[in-house]
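Residue numbers count from 1 along this sequence.
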Amino acid sequence: MSVLLRIGRKVAILRDGKWVSADSRLEAQLERETESWFVDNGGPPISHFDPEHATASEMARRLGGRIAIRIPASSRSRVLFDAKRQLEFKF
């Protein structure tokens, strides 16, 4: 369902595939990093049982943060993350 990520003194929540934070710069940075991870590496493994947790873990690793709270994802979460995996063809 959602993950609370702490980076320094700032926090962000990943819920339904979107980052939300009181700090708009952190929110934008997390969105860019997440998008980059999906484009470059495909995001979390398709078989991962909780793609939001895997995504938050990767963002914590990249930005030097930690996961403070985790609520296990619903099956709806997989559908949202599968949509992010759609291929982008450049002709």
Side-chain angles (χ1 to χ4, degrees):
M1 283 272 244
S2 58
V3 179
L4 179 74
L5 179 64
R6 179 174 294 280
I7 299 173
R9 295 178 58 152
K10 300 173 185 174
V11 295
I13 297 172
L14 178 60
R15 182 181 171 104
D16 293 335
K18 294 284 186 188
W19 287 104
V20 179
S21 177
D23 184 315
S24 60
R25 288 180 291 188
L26 176 60
E27 186 176 314
Q29 182 181 15
L30 285 165
E31 287 291 339
R32 282 191 309 273
E33 285 291 326
T34 301
E35 181 69 23
S36 172
W37 184 47
F38 270 84
V39 170
D40 297 341
N41 299 14
I46 291 174
S47 62
H48 199 283
F49 63 96
D50 191 345
E52 285 187 341
H53 181 255
T55 300
S57 293
E58 177 64 18
M59 294 307 107
R61 186 190 68 76
R62 287 181 177 213
L63 301 176
R66 68 178 180 83
I67 294 176
I69 299 173
R70 173 186 168 218
I71 299 171
S74 67
S75 59
R76 179 174 181 245
S77 176
R78 283 189 179 191
V79 172
L80 293 169
F81 277 83
D82 285 345
K84 286 184 177 273
R85 293 180 202 280
Q86 297 303 312
L87 296 176
E88 191 175 309
F89 295 106
K90 295 180 182 176
F91 294 101

(message) To the nearest 0.5 Å, what is the distance between CD on Gln29 and OG on Ser21?
(response)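 Gln29 CD to Ser21 OG: 10.5 Å, rounded to 0.5 Å.
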
(message) Among residues at least two apart in sequence or on other chains, which ones pass side chain to side chain donor-acceptor pair (under 3.5 Å) with Asp40?
(response)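 Residues passing side chain to side chain donor-acceptor pair (under 3.5 Å) with Asp40: Ser36.
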
(request) List in chain and number order the residues that pass side chain to side chain donor-acceptor pair (under 3.5 Å) with Trp19, two or more places apart in sequence or in another chain; answer none if no residue qualifies. (result)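 Expected list: Thr34.
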
(message) Using side-chain contact (heavy atoms from CB on, under 4.5 Å), reason through Ile7 and Leu30 one step at a time and then give a plain yes or no.
(response) CA-CA 11 Å; Ile7 299 173; Leu30 285 165; 4.2 Å; yes

(message) Strictly distance-based, threshold 3.5 Å: is any side-chain N or O of Glu52 a donor or acceptor partner for the main-chain N or O of Asp16?
(response)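 Yes, the answer is positive, given that a donor and an acceptor are paired below the 3.5 Å cut-off.
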
(request) Identify, with sequence neighbours excluded, every residue that meets side chain to side chain contact (heavy atoms under 4.5 Å, CB included) alongside Ala60. (result)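 Expected list: Leu5.
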
(message) Can you give me the closest heavy-atom contact between Pro44 and Phe38, atom names plus distance?
(response)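 Pro44 and Phe38 have their closest heavy atoms at CD-CZ, 3.5 Å.
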
(message) With salt bridge (charged side-chain N to carboxylate O under 4.0 Å, His left out) as the rule and sequence neighbours excluded, what pairs involving residues 19-29 come up?
(response)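 Qualifying pairs: Lys10-Asp23.
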
List the atom pairs, donor and acceptor, that lie under 3.5 Å between side-chain atoms in residues 61-68 and the rest of the protein, sequence neighbours left out.
from  : atom 1 : to    : atom 2 : distance (Å)
Arg61 : NE     : Glu58 : OE1    : 3.3
Arg61 : NH2    : Glu58 : OE2    : 2.6
Arg62 : NE     : Glu58 : OE2    : 2.9
Arg62 : NH1    : Glu33 : OE1    : 2.9

(message) Who clusters with Leu4? Use side-chain heavy atoms, under 4.5 angstrom, across I, L, V, M, F, W and Y, and order the result by chain and number.
(response)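 Val11, Ile13, Ile69, all in the cluster of Leu4.
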
